[in-house]
Structure formats: structure tokens, C-alpha cells
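Accompanying notes for the structure given below.
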Amino acid sequence: FAQSAGEPITVKPYAEIRYRLELVDQEGVPENATASTARIRAGLKTTEWHGLSALIEGEAITRLGPRHYNDTVNGRTTYPVVADPSDILLNQAWVRFKPAQQVETIVGRQAVNFDNQRWVDSANWRQNDQTLDAARVAVKPMKGVAVDYGYAWRVNRIFGPDSPQGIWRDNNIHMVRANFEAKPVGTVTTYGYFLDLPDAPLSSSKTIGVRLAGEQKLSGKAKLLYAAEYANQRDLGSNPRNFSLDYLLVEPGISLGAVTVKA
């Protein structure tokens with residue numbers, strides 16, 4: 001919740017270190033890859049003041065050990081790709097305005113992750129996030145209903161700014177989502193993602209879909225989990241291809257206390 005008018009704004013620092021070891025044996029590539037990398041990420045985040053808050057975050061990615069992998073910019077093409085190039089860069093920098101509990105806007109460089117991260121995500125498996133320079137608005141017009149719209153003009157990809165494909169500029173990206181709580185069944189999410197990417201015309205597309213996710217209590221601590229999703233993706237904008245592809249996800253599961261199993 002927003003701070004009272006007389007309460008001063010405070011800044012909270014944070015930091016994390018993540019080490020990764022990735023081994024790749026790829027058919028058709030002469031050498032095997034061994035990528036030992038570490039990421040240091042640190043930032044400053046403010047508390048809310050009259051609905052305003054902000055965050056700035058940087059990161060440093062470094063190689064630990066031999067360069068026995070292709071990080072997409074080191075030219076080691078005899079090794080499989082492990083897309084974790086060494087770099088120091090700005091990861092996030094945004095300002096958020098939340099004038100009421102039902103309305104929130106955020107503008108700037110941000111990591112965006114939707115649902116199961118199939119269509120829009122920050123690729124957190126890699127050391128460098130994929131972030132968007134974007135403006136987003138989220139509105140909750142009534143209980144159990146949320147609508148989210150975002151427009152992005154730049155994609156900062158995992159390969160870093162030294163790669164020819166590290167930044168996609170001058171994009172025309174629209175992201176629309178709506179969530180509805182359909183009790184007792186679960187949450188229904190409808191979405192449309194429209195990507196016009198001049199730097200990557202073959203990836204320009206429009207994806208429209210619907211997703212249902214929920215759970216039902218069984219006996220004791222047992223819960224039945226389920227998710228189902230359908231989407232259709234077609235070419236958009238400067239894409240020279242003409243296609244229409246269907247996507248279907250069915251994911252049942254069961255939770256027994258601390259143990260969860262899904263298929």
C-alpha cells in the first residue's frame with residue numbers, strides 16, 4: 001500500500017550471485033562445451049511515495065575457467081552455443097505509478113513474465129535476462145477481473161549488446177491480457193500478443209489464445225491441479241512467410257503436501 005503523506009521515501013539495496021555450469025554435447029559440432037559462468041546482480045528499489053516507486057538494476061556476467069563454449073560473440077564456433085556472454089550492463093530501470101489499488105502503470109526497462117512463460121518471458125534460465133523497454137497499464141475494474149495492456153518498442157535479448165541480434169529496435173509490440181476468476185473452476189486468461197519486429201521479420205507474429213488454470217481439493221492435503229491452453233499463431237507485419245499454427249497444452253497434476261507431480 002502507498003505510504004502516508006508524512007512518511008519519507010526509502011531506498012532498499014539488494015544483490016544476488018548466481019553460478020551456472022552448463023555442459024553440452026551436440027551432434028554435428030566437433031567439440032563439447034563446458035561453460036562455467038557467474039552472474040552478480042544488484043539494484044536499488046524505492047518504497048512507494050504517493051503511489052510512485054522506482055527500481056534500477058545492473059548485472060555483471062563473467063566467465064570462470066576456459067572459454068570452451070560458443071557464447072555467440074566470442075567466435076568459438078567449433079563449440080556448441082551456450083548463450084551467456086561476459087558483459088556488464090543495465091538490466092532493469094523503471095518507474096511505477098499506483099494511484100489506487102485498482103490501477104497500476106510501469107514504464108521503462110523491465111522483465112516481463114506472463115503465465116507459464118510460453119509466449120512472453122525474461123528467459124531467466126540464461127544469465128542475462130531478456131527485457132523489454134515498454135509501458136504497461138494494469139486495471140482491476142471489479143473483484144476477480146484484471147486487464148493488462150503493454151506496448152514495447154525495444155527488446156534487449158539474452159545475447160547482449162555486442163551481438164548483432166542482441167537488441168531489436170523500433171519494434172511495434174502490443175500485449176493484451178485479461179484474467180477472470182471463474183470460481184470454483186479456476187482462472188481464465190485470454191490474451192493477444194502482436195509482434196512486429198523489423199530486426200527479425202521471420203519472428204513477427206500475432207498469437208491469440210485462452211488459458212484455464214486451477215485446482216480442486218481432494219482428501220487431506222491432496223489437491224488436483226490442472227491447466228489447459230489453446231492458441232493460434234499467424235504471420236504479422238513484415239514477415240515474408242504465410243502460416244497459421246495451433247498450440248495446445250493439457251497439464252494435469254496432483255499435489256500431496258510438499259510433493260507436486262505434473263504431466
Side-chain angles (χ1 to χ4, degrees), residues 18 20 22 83 92 96 98 101-106 110-132 134-152 155 157-158 173-197 200 203-236 239 243-263:
R18 185 171 80 172
R20 291 191 67 233
E22 184 169 344
Q92 295 193 82
R96 176 184 284 132
K98 193 172 183 179
Q101 290 292 335
Q102 298 79 17
V103 181
E104 178 180 336
T105 63
I106 180 170
Q110 51 194 284
V112 181
N113 295 285
F114 288 152
D115 303 317
N116 62 346
Q117 302 181 28
R118 176 61 183 87
W119 306 112
V120 179
D121 78 311
S122 60
N124 193 44
W125 169 257
R126 302 257 59 98
Q127 294 287 48
N128 179 31
D129 280 345
Q130 174 173 274
T131 60
L132 302 177
R136 294 172 54 204
V137 179
V139 180
K140 297 180 179 179
M142 62 184 71
K143 185 176 180 180
V145 178
V147 181
D148 188 304
Y149 169 75
Y151 175 76
V155 182
R157 306 184 71 217
I158 60 172
I173 299 174
H174 299 269
M175 303 170 288
V176 185
R177 296 171 70 249
N179 293 335
F180 309 91
E181 289 186 12
K183 294 181 179 180
V185 178
T187 300
V188 177
T189 303
T190 59
Y191 54 82
Y193 304 128
F194 306 87
L195 287 65
D196 189 359
L197 311 170
S203 295
S204 294
S205 64
K206 56 182 176 182
T207 304
I208 298 175
V210 60
R211 175 183 174 87
L212 169 67
E215 62 181 45
Q216 299 294 329
K217 187 174 181 180
L218 301 176
S219 60
K221 294 183 178 181
K223 293 181 181 179
L224 173 67
L225 313 175
Y226 48 86
E229 185 174 355
Y230 169 77
N232 177 264
Q233 185 175 89
R234 300 190 179 199
D235 54 285
L236 180 69
N239 196 326
F243 62 87
S244 176
L245 302 172
D246 294 316
Y247 168 83
L248 179 65
L249 168 74
V250 178
E251 187 181 65
I254 190 168
S255 173
L256 297 169
V259 178
T260 298
V261 178
K262 293 184 179 182

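Computed from a predicted structure; not experimentally measured.
The two residues Asn113 and Ser122 make their nearest non-hydrogen contact at OD1-N, 2.9 Å. Scanning all heavy atoms of the two residues, the minimum distance from Tyr191 to Val210 falls at CE2-N, 3.9 Å. Listed here is the closest heavy atom pair of Ala182 and Val188: CB-CG2, 4.2 Å.
Using a 4.5 Å heavy-atom threshold, the side chains of Arg157 and Arg126 count as separate. The shortest distance between side-chain heavy atoms of Ile158 and Asp129 does not fall below 4.5 Å. Contact check for Arg118 versus Thr207: no side-chain heavy atoms found under the 4.5 Å cut-off. Inter-residue side-chain proximity for Tyr149 and Val139 is flagged as unmet; no heavy-atom pair is nearer than 4.5 Å.
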Asn124 and Gln117: CA distance, side-chain angles, deciding distance, side-chain contact (heavy atoms from CB on, under 4.5 Å) verdict: CA-CA 10 Å; Asn124 193 44; Gln117 302 181 28; 5.6 Å; no
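Ile106 contributes atom CD1, which lies 11.5 Å from atom NZ of Lys98 (distance to the nearest 0.5 angstrom). Thr190 OG1 to Asn179 CG: the interatomic distance, rounded to the nearest 0.5 Å, is 7.5 Å. Between atom NE2 of residue His174 and atom CG of residue Leu236 there is a gap of 9.0 Å, rounded to the nearest 0.5 Å. To the nearest 0.5 Å, the span separating CD on Gln110 from CD on Gln92 amounts to 7.5 Å. With values rounded to the nearest 0.5 angstrom, Leu224 atom CG is found 7.0 Å from Ile254 atom CD1.
Residue pairs satisfying the salt bridge (Lys or Arg N to Asp or Glu O under 4.0 Å) criterion with at least one member in residues 173-190, sequence neighbours excluded, are listed as follows: Asp115-Arg177. Here side-chain hydrogen bond (donor to acceptor under 3.5 Å, both in side chains) pairs that include residues 251-263, with residues two or more places apart or in two chains, number zero. Legend: side-chain hydrogen bond (donor to acceptor under 3.5 Å, both in side chains) pairs involving residues 208-220, not counting sequence neighbours, sorted by first then second residue: Arg211-Glu229, Glu215-Lys223, Gln216-Tyr226.
Remark: the backbone N or O of Ser205 is not paired with any side-chain donor or acceptor of Gln233 at under 3.5 angstrom.
Scored by the side-chain contact (heavy atoms from CB on, under 4.5 Å) test, Val145 finds Pro141, Met142, Phe180 as partners (sequence neighbours excluded). Asn239 is linked by a side-chain contact (heavy atoms from CB on, under 4.5 Å) to Leu202, Ser204, Asp235, Arg241, Phe243, counting only residues two or more places apart in sequence or in another chain. Scored by the side-chain hydrogen bond (donor to acceptor under 3.5 Å, both in side chains) test, Asn232 finds Arg234, Ser244, Asp246 as partners (sequence neighbours excluded).
Using a 30° and 60° split on the angle between ring planes, Tyr193 and Phe114 fall in the parallel class, below 30°.
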